[in-house]
Chemist: 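What follows is a single structure, and I will ask about it in a moment.
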There are 2 protein chains.
Amino acid sequence: MNKCEQCIVRQLSSLKALTKDEIIRLAECKTSYTVKKGEPLFTEGENVNGVFCIREGICKMTKLSANGNEQIVKLTAKGELLGQRSMISEEPVNLSAVALDDMEVCFIPKTEVMGFFNRNNQFSLQVMKTICGGLKEADDQVVAMAQKPVRQRLAETLLYLHDTFGVHDDNSLRVKLTREELAGIVGTATESCIRLLSEMNKLGIIRLDGKKIIINNPTALSKV
Amino acid sequence: MNKCEQCIVRQLSSLKALTKDEIIRLAECKTSYTVKKGEPLFTEGENVNGVFCIREGICKMTKLSANGNEQIVKLTAKGELLGQRSMISEEPVNLSAVALDDMEVCFIPKTEVMGFFNRNNQFSLQVMKTICGGLKEADDQVVAMAQKPVRQRLAETLLYLHDTFGVHDDNSLRVKLTREELAGIVGTATESCIRLLSEMNKLGIIRLDGKKIIINNPTALSKV
DNA sequence: ATAAGAGTATGATTAATATCATATTTTCAG
DNA sequence: CTGAAAATATGATATTAATCATACTCTTAT
């Protein structure tokens, strides 16, 4: 079993607020495992009795809508904790988490996390801050969905993917998404998404190379 | 100055987790005041150094979008606390709060609330739960905005207003909203909102009497 | 009481986006 | 390597919703 003490990823999450003793305790109770690309960490409606710490990889947080479409509410990467909301609310998870990459994940049981809450105020406060950050983003997303046209939402999504997850050597976006998934983030039909990408490609704002997407002109993209 | 001890409203919010001593302390540090209909409690971008507890009235939480439209992200009523997110994140508020009614409000300074956080874990946990509830709602709202057509969003909004804020003696919705504001909740143009209301009126699902809205057939509404 | 302004209503038109249809390309299991 | 399935692409069409225009109806302040 890996020692959490040496895990760099821990420093990125609320877990950084834990004391040395608590980290040692954490290392004893956590379980590590891998999730293959396309597999779920958990599914909407499930009871997840703890939180997941992402050591490696990216996953999509999705919700199935009544019309059968999969809306991607957010993407989550290395260093983030999943399932906190559900654990605190004592409710089933509201979103599914599916690996976009092969992932390495640690699971921390609820009893432990709740123990940290009771004994370490700094940790509580960190978790609160994270959740508050998520709430702000979600509120902003509501406004974006309601008020911005598809073209603009797509442009902003591309910039977000670029800035948050970076690019490969050939400058193509590192996150591996199908057009359908990209449409699921933007909140539009797959064909509309493809059409707009193709249009931006013709305008030279982006370049499409197979399923790779290269952002040529971020400035133009931000002005869409 | 009113004693918080006797305030029924307190029981509805996270403040119910405070101890007797803390309530007494609260009564000493809080300031009560009224906000007239149409006036803001605070405005997007402002620094609000504490939280507001709503004793009476309803307010809209809004955000101005780039196109100048006002999106109403949520409505908040008696017993809820405002400004928690901003206080915890140590950021300016993300949304404006504007009174839809004449309101009675108490302001609790940040230093006090943070003190409660440090000394009372039950209170922290209650606040966390509230914020987590808000996060779930916001995520669901993102999916609704992205996936549901305007007609359905309007129908669900009407049911929500009915169930959450109730009706007058004549069965008309108690929340006082203009058509423009209703459109701002639904995320559509004012004319579209009016048109759909008028259509539902003709179908007998709702009844319009001036600006009053009466829900005749909730079942039909939920099937839209 | 009444005029002005805000809010509501409705028609006509345009623009945005979804849907349906079909081809082409890519991926991947056998 | 190869064929089937999945993903991408693009055209045609339908639908939804926004915008523009105009009229009507309430409030409300003087």
Side-chain angles (χ1 to χ4, degrees), chain A residues 36-38 60 65-72 98 100 102 144-155 157-158 172-173 175-203 206-214 224, chain B residues 36-38 60 65-72 98 100 102 144-155 157-158 172-173 175-203 206-214 224:
Chain A
K36 286 246 160 61
K37 183 188 166 181
K60 57 177 177 179
S65 76
N67 56 33
N69 272 15
E70 183 184 83
Q71 178 69 32
I72 300 183
V98 178
L100 291 177
D102 288 350
M145 288 292 181
Q147 302 285 348
K148 295 179 182 175
V150 173
R151 187 194 312 278
Q152 191 181 348
R153 298 208 303 271
L154 174 59
T157 299
L158 292 175
S172 67
L173 294 181
V175 232
K176 217 183 170 204
L177 293 170
T178 65
R179 299 295 141 96
E180 191 178 1
E181 286 169 330
L182 187 53
I185 300 177
V186 172
T188 186
T190 308
E191 296 97 318
S192 299
C193 176
I194 290 174
R195 227 180 282 277
L196 287 168
L197 282 175
S198 160
E199 181 193 301
M200 290 173 179
N201 184 32
K202 274 168 197 153
L203 291 172
I206 64 175
R207 215 182 79 231
L208 300 177
D209 176 13
K211 70 166 20 180
K212 285 181 184 173
I213 300 174
I214 295 158
V224 163
Chain B
K36 285 246 160 62
K37 182 185 167 183
K60 56 177 179 180
S65 75
N67 56 33
N69 272 15
E70 182 183 85
Q71 177 69 32
I72 299 183
V98 178
L100 290 178
D102 288 350
M145 288 292 181
Q147 302 285 348
K148 295 179 183 176
V150 173
R151 185 192 314 276
Q152 192 181 347
R153 299 209 303 271
L154 174 59
T157 299
L158 292 175
S172 67
L173 294 182
V175 232
K176 217 184 170 203
L177 293 169
T178 65
R179 300 296 141 97
E180 190 178 3
E181 285 169 330
L182 187 53
I185 299 176
V186 172
T188 187
T190 307
E191 297 96 319
S192 299
C193 176
I194 290 174
R195 226 179 283 278
L196 287 168
L197 283 175
S198 160
E199 182 193 301
M200 291 174 179
N201 184 30
K202 275 168 197 151
L203 290 172
I206 64 174
R207 215 183 79 231
L208 300 178
D209 175 14
K211 69 165 21 179
K212 284 181 185 174
I213 300 175
I214 294 158
V224 162

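Letters go in sequence order (proteins before strands), and every chain restarts at 1. This structure is a prediction, so every number in the text was calculated from the model and none was measured.
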Chemist: On DNA chain C, reading 5' to 3', which nucleotide is the first and which the last to sit with an atom under 4.0 Å from a heavy atom of chain A, could you check?
Modeler: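 Terminal contacting nucleotides, 5' to 3': C:dT17 to C:dC20.
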Chemist: Side-chain donor-acceptor contacts of residues 185-201 of chain B below 3.5 Å, not counting sequence neighbours, with atom names and distances?
Modeler:
unit_1: B:E199; atom_1: OE1; unit_2: B:R151; atom_2: NH1; d: 3.1
unit_1: B:E199; atom_1: OE2; unit_2: B:R151; atom_2: NH1; d: 2.2
unit_1: B:N201; atom_1: OD1; unit_2: B:L208; atom_2: N; d: 3.4

Chemist: Around B:E180, counting heavy atoms of other residues, nucleotides and ligands shown, do more than 12 lie under 6.0 Å from its CD?
Modeler: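 No - once you tally the heavy atoms of other residues, nucleotides and ligands closer than 6.0 Å, there are 12 at most.
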Chemist: If the sugar-phosphate is the primed atoms plus P, OP1 and OP2 and the base is the rest, what is the B/S/- string for nucleotides 2-13 of chain D, using protein heavy atoms under 4.0 Å?
Modeler: ------SBBBB-
Chemist: Looking at B:D209 and B:I214, would you say the former's side chain and the latter's main chain have a donor-acceptor pair under 3.5 Å?
Modeler: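 Here the side-chain-to-backbone pair does not exist.
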Chemist: Which heavy-atom pair separates B:R179 from B:I213 by the least distance, and what is that distance?
Modeler: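 It is NH2-CG1, 4.0 Å.
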Chemist: Can you sort out the partners of B:K148 under side chain to side chain donor-acceptor pair (under 3.5 Å), two or more places apart, ordered by chain and number?
Modeler: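 Partners of B:K148 under the side chain to side chain donor-acceptor pair (under 3.5 Å) test: B:E156.
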Chemist: Between the opening five pairs and the closing five pairs of the helix from C:dA1-D:dT30 to C:dG30-D:dC1, how far apart are the helix axes, to 10°?
Modeler: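 Result, rounded to 10 degrees: 50°.
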Chemist: Could you state the atom-to-atom distance from CG of B:N67 to P of D:dA17 in whole Å?
Modeler: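 It is 17 Å, rounded to the nearest whole Å.
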Chemist: Over all heavy atoms of both residues, which pair between B:V98 and B:G38 is shortest? Give the atoms and the distance, please.
Modeler: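 Heavy-atom minimum between the residues: CG1-O, 3.5 Å.
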Chemist: Would you say the side-chain atoms of A:D102 pair up with the backbone N or O of A:K37, donor to acceptor, closer than 3.5 Å?
Modeler: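 Looks like yes, one N/O pair under 3.5 Å.
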Chemist: Please check if the number of heavy atoms outside B:E70 that lie under 6.0 Å from its CD is greater than 12.
Modeler: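 Yes - once you tally the heavy atoms of other residues, nucleotides and ligands closer than 6.0 Å, there are more than 12.
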Chemist: Using the test side chain to side chain donor-acceptor pair (under 3.5 Å), find all partners of A:K212 that sit at least two apart in sequence or belong to another chain.
Modeler: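 Testing A:K212 for side chain to side chain donor-acceptor pair (under 3.5 Å), a comparison that skips the adjacent residues, returns A:D170.
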Chemist: Show the nearest heavy-atom pair for residues B:G184 and B:Q71, with the distance to one decimal.
Modeler: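 Answer, listing the atom of B:G184 first, then B:Q71: O-NE2, 2.9 Å.
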